[in-house]
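Read the numbers this way: they start at 1 and go in the same order the structure lists the ligands and their atoms. Heavy-atom basis, side chains included; hydrogens, waters and symmetry copies ignored.
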Amino acid sequence: MIKSGCETEMKDTLTGLDRYEVFLEKLQQELDLIGDDNIVVIYTDIKHFKYINDTYGYKVGNALLKEFVAEFTNNNRLLVGAARVYSDNFVAANRISADGYTKESFREMIRRRNQEWETKFREKYLNSRLQFCTGISIVNKNSRSLDAETVVSNANLARKVAKEMEDDCCVLFDQSMMEGIKREVEITSSIPKALANGEFKVFFQPKIETDTLHLMGAEALLRWQKPDGSYIYPDEFIPLIERSGQIVDVDYYVYREVFRFIAKRLQEGRKAVPISLNVSRVHLNKMHILEYVKELFEEYQIPYSMVEFELTESIYLDNTERALELIKGLHNMGTKVSMDDFGSGYSSLNLLSKLPIDIIKLDKVFLKEGDLQESDKIIISCVVDMAKKLQIMSLCEGVETMEQSNYLKEVGCQMQQGFYFSRPIPQEVFEKFIDEN
Ligand code: C2E
Ligand code: CA
Ligand code: CA
C-alpha cells in the first residue's frame, strides 16, 4: 500500500510508530482530559543494543527494533500512543483506571514483562546481554497540571536511574530524583570556579611494605574543600564530573600538584616516595592523558619511577583494547600501572593474565568490618598466590585492624594501605610522615 505523504511524515519510518512530536501532542490531549483515570508513561531503553549493531550489523539491529516495537505495543488496549524518541529509546502512554492496582504493582508487572522479553531476546541473540531498562511516570488528577514533555522527561529520568542498577531495571519516577539532578547541576557548574580558586586539595594515603612496615609510597586522593570549610567527598562528586567529562581537567590538576610536590621534595634534597594517581575511565575516550603525562615529566624532570597509575578494574572490562593501549603507553614511559579495586565488580581472572599490569590492588570489600571471614581469607590468599605466580605485586586496600594486617603478612601480600596505618592526610602532614619514616 502506498502511504500518503502526510501519513508518513507523522510516523517513524523504521518502526511505524508515531513521531515523537506527534506522540507528545496525543499525550497532552490525554492529560488535558485525565478525569479519574491515571496516565502512565513508560520510557524504555535497550541496554547493550550497541552490541547487536556491532556484532550482527545494522540490518539485524533494525529488525530487532521492529521486533521490540511489536512486543511494546502488542495487544495493549490501554495504549494511547507510542513513539521512538531516538535510536533505541521508546516511550508509550497508557490510560488506566485508577482502581485495582498500586504504583508498585504496576512497576512489578512491567518488570516481569521486561524480564520475559529479556529471556526471549537473549535466546535469539546469543551473548547479547540485552536488557530492557524502564522508567515509569504516573499522572493522576492531582498532578495533571504537568505538561506532556515534563511527564516524559520524568519517566526518562527514572529510566536513567534504572539503567545504573544491575538487576532491577525498572524504576518509578519519584520527586526526590529531581533533588539529585539539582545537586548534580550545582556540583558540575561550580567545578571551574573550584579549580581556579584552589578548592581542590590533594591528600596522600601511605602505602606500607608488609615485611618491614616501612613507608613505600602513597596514593593521591582528591578532596574538595568548599569556601565555607566543608568537604565534598570524591564518591559523591567524581561520578557526576565523569558524566560531564570535567574529570579530565580535575585529574590533570591532581597530577600536576603531585608532580610539583615530588619535584619540590627532590629539589630540597629530601626523601620522596612514589605516588600513585587514579585514572578515570573517561580518559580512555580521549587518550590525551599520555601526552599530558609526558609533558609533566619534561616540565618537572622527576624520575619515571616516582609516579604510578591506578586503573580501576571495570575500565579493563569496559574497553580492554583501549586499556591495553594506555598501559603500554604508560609502560613505554617507564611508569608502573596497577589494577585498582580488584574484586569489587565482575572481576575477570582471565584479564590478569592478558594485561601487563604491575600491581594488583585488592578491593576493601574483602576486609569487611569485624573479624575476617573464612571465605574472604581464602579468596585473598588465592589472589595473592596467583598474582605471585604471574609476577604481579599485590597490595590490599582498606586495612583497618592488626588482625587483617597480620593475615596479609601470613599470606605474603607485599603491600598494605588503610586506616590502620593512616587515613588520607594533607600534604604538610604527609611530609612529616615521610621525614619520620
Ligand atoms: P579508591 O581509588 O579505591 O581509593 C580508596 C578509597 O578508600 C579512598 O576513598 C580512601 O579514603 C578509602 N580508604 C582508604 N583506606 C580505607 C580503610 O581502611 N577503610 C575504608 N573504609 N576506606 C578506606 P576516597 O578518598 O573517598 O576516594 C573514593 C574514590 O574516589 C577513590 O577510590 C577513587 O576511585 C576516586 N578518586 C579519589 N581521588 C581521585 C582522583 O584524583 N582522580 C580520580 N579519577 N578518582 C579519584
Ligand atoms: Ca585508587
Ligand atoms: Ca581502590
Side-chain angles (χ1 to χ4, degrees), residues 187 191 194-195 199-208 217-225 231-259 261 274-286 288-289 292-293 296 307-316 318 326 336-345 347 357-370 372 383 394-405 407-408 413 415-427 429-430:
I187 285 184
I191 294 286
L195 276 170
E199 290 173 25
F200 289 113
K201 300 269 161 24
V202 179
F203 275 43
F204 296 86
Q205 188 177 33
K207 293 182 191 169
I208 305 295
E219 174 175 6
L221 291 161
L222 188 57
R223 295 291 178 266
W224 182 359
Q225 191 172 24
Y231 280 98
I232 307 184
Y233 285 88
D235 280 338
E236 179 179 6
F237 71 83
I238 287 190
L240 306 184
I241 65 171
E242 285 192 325
R243 247 191 311 227
S244 67
Q246 291 164 310
I247 186 69
V248 171
D249 289 339
V250 172
D251 267 355
Y252 288 172
Y253 176 86
V254 172
Y255 299 177
R256 178 170 289 279
E257 288 294 294
V258 167
F259 272 76
F261 168 61
I275 307 292
S276 62
L277 304 169
N278 286 289
V279 178
S280 162
R281 55 177 10 85
V282 177
H283 293 285
L284 244 50
N285 305 332
K286 306 211 163 59
H288 303 152
I289 182 172
Y292 191 80
V293 170
L296 286 175
V307 282
E308 298 175 2
F309 291 87
E310 299 192 3
L311 276 71
T312 175
E313 171 190 79
S314 57
I315 287 190
Y316 300 92
D318 285 353
L326 181 55
K336 284 192 185 138
V337 179
S338 56
M339 180 181 285
D340 199 2
D341 306 330
F342 185 81
S344 64
S347 318
I357 50 158
D358 308 284
I359 301 154
I360 172 171
K361 288 189 84 171
L362 278 82
D363 193 77
K364 46 185 177 287
V365 290
F366 296 117
L367 305 178
K368 293 171 212 109
E369 264 170 68
L372 264 171
V383 173
S394 49
L395 181 155
C396 193
E397 291 190 276
V399 181
E400 292 185 357
T401 66
M402 190 163 76
E403 184 215 355
Q404 293 170 343
S405 177
Y407 181 71
L408 292 168
C413 176
M415 295 173 277
Q416 307 186 26
Q417 179 183 344
F419 296 169
Y420 177 60
F421 301 102
S422 167
R423 289 187 173 257
I425 44 183
Q427 183 184 310
V429 184
F430 181 55

Novice: Answer yes or no for Arg223 and Tyr231: cation-pi contact, defined as NZ/CZ to six-membered ring centre under 6.0 Å and angle to ring axis within 45°.
Specialist: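 No cation-pi geometry.
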Novice: In terms of atom number and element, which parts of ligand 1 are under 4.0 angstrom from non-hydrogen atoms of Pro424?
Specialist: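 Near Pro424, meaning under 4.0 Å from one of its heavy atoms, ligand 1 has 11 (O).
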Novice: Establish whether atom 27 (O) of ligand 1 and some protein heavy atom are separated by less than 4.0 angstrom.
Specialist: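 True for atom 27 (O) of ligand 1.
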Novice: Note the single closest protein heavy atom to atom 31 (C) of ligand 1, along with its residue, its atom name and the distance in Å.
Specialist: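 Looking at atom 31 (C) of ligand 1, the protein heavy atom closest to it is Leu221 CD2, 4.2 Å.
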Novice: Please state which protein non-hydrogen atom is closest to atom 36 (N) of ligand 1 and give its distance, to 0.1 Å?
Specialist: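 Going by distance alone, atom 36 (N) of ligand 1 is nearest to Ile238 CD1, 3.4 Å.
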Novice: Taking only heavy atoms of Val254, which atoms of ligand 1 are found under 4.0 Å from at least one of them?
Specialist: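 Going through ligand 1 atom by atom, the ones under 4.0 Å from Val254 are 41 (O).
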Novice: Measure from the side-chain N and O atoms of Asp358 to the backbone N and O of Val337, and report whether any donor-acceptor pair falls under 3.5 Å.
Specialist: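 Side chain of Asp358 to backbone of Val337, a donor-acceptor pair under 3.5 Å: yes, one is there.
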Novice: For Tyr292 and Tyr252, take the angle between the two ring planes, folded into 0 to 90°, and tell me which bin it lands in: parallel under 30, tilted 30 to 60, perpendicular over 60.
Specialist: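 Aromatic pair Tyr292/Tyr252 classed parallel.
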Novice: Which atom name does Asp340 have for its N/O/S atom nearest to the Ca ion (ligand 3)?
Specialist: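 Looking at Asp340, the N, O or S atom with the least distance to the Ca ion (ligand 3) is OD1.
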Novice: In ligand 1, which numbered atoms sit nearer than 4.0 Å to a non-hydrogen atom of Asp251?
Specialist: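 Selected atoms, number and element: 40 (C), 41 (O), 42 (N), 43 (C), 44 (N).
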Novice: From Glu310, does some N, O or S atom reach closer than 3.0 Å to the Ca ion (ligand 3)?
Specialist: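 Within the cut-off used here (under 3.0 Å), Glu310 places no N, O or S atom near the Ca ion (ligand 3).
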Novice: Where's the contact between Asp341 and ligand 1, heavy-atom distance under 4.0 Å: side chain, backbone, both or neither?
Specialist: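 Answer for Asp341: side chain.
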Novice: Between Asp340 and ligand 1, does any nitrogen or oxygen pair lie at a separation below 3.5 Å?
Specialist: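 Indeed, backbone or side chain, Asp340 has an N or O that close.
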Novice: Does Glu219 bring an N, O or S atom to under 3.0 Å of the Ca ion (ligand 2)?
Specialist: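 Here the distance criterion (N, O or S atom, under 3.0 Å) is met by Glu219, so yes.
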Novice: Quick check: Lys364 and ligand 1, any N/O pair under 3.5 Å apart?
Specialist: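 The answer is yes, given that Lys364 and ligand 1 share an N or O pair closer than 3.5 Å.
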Novice: Would Phe419 count as being in polar contact with ligand 1, using the rule that some N or O on each side must be under 3.5 angstrom apart?
Specialist: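 Indeed, backbone or side chain, Phe419 has an N or O that close.
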Novice: At a threshold of 3.0 Å, where the distance has to be below it, does the Ca ion (ligand 2) have an N, O or S atom of Asn278 nearby?
Specialist: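 Given the 3.0 Å cut-off, Asn278 counts as a ligand of the Ca ion (ligand 2).
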Novice: How far apart are the C-alpha atoms of Glu310 and Lys361, what are their side-chain angles, what is the distance that settles it, and do they pass the salt bridge (Lys or Arg N to Asp or Glu O under 4.0 Å) test?
Specialist: CA-CA 9 Å; Glu310 299 192 3; Lys361 288 189 84 171; 2.7 Å; yes
Novice: Check whether the ring centres of Phe430 and Phe203 lie less than 6.0 Å apart, and answer yes or no.
Specialist: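 No; Phe203 has its ring centre 6.0 Å or more from that of Phe430.
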Novice: Pull out every atom of ligand 1 sitting under 4.0 Å from any heavy atom of Gln205, numbered as shown with elements.
Specialist: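 Ligand 1 atoms under the 4.0 Å threshold to Gln205: 14 (C), 15 (N).
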Novice: Under 3.5 Å, N or O to N or O, is Leu222 touching ligand 1 that way?
Specialist: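 Indeed, backbone or side chain, Leu222 has an N or O that close.
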Novice: Check for me whether Arg423 meets the cation-pi criterion with Phe419, that is, NZ or CZ under 6.0 Å from the six-membered ring centre and within 45 degrees of the ring axis.
Specialist: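 Checked: cation-pi criterion met.
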Novice: Which of the N/O/S atoms in Glu397 sits closest to the Ca ion (ligand 3)?
Specialist: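 For Glu397, the N, O or S atom at the smallest distance from the Ca ion (ligand 3) is OE1.
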Novice: Tell me, which N, O or S atom in Asp341 is closest to the Ca ion (ligand 3)?
Specialist: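 Checking each N, O and S atom of Asp341, the shortest distance to the Ca ion (ligand 3) belongs to OD1.
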Novice: Based purely on interatomic distance, does Tyr420 place a nitrogen or oxygen under 3.5 Å from a nitrogen or oxygen of ligand 1?
Specialist: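 So ligand 1 has no N or O lying under 3.5 Å from an N or O of Tyr420.
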Novice: Taking only heavy atoms of Asp235, which atoms of ligand 1 are found under 4.0 Å from at least one of them?
Specialist: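 Matching atoms, with element in brackets: 28 (C), 29 (C).
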Novice: Please report whether atom 9 (O) of ligand 1 has a protein non-hydrogen atom at a separation of less than 4.0 Å.
Specialist: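 Neighbour list for atom 9 (O) of ligand 1 is empty of protein heavy atoms (cut-off 4.0 Å).
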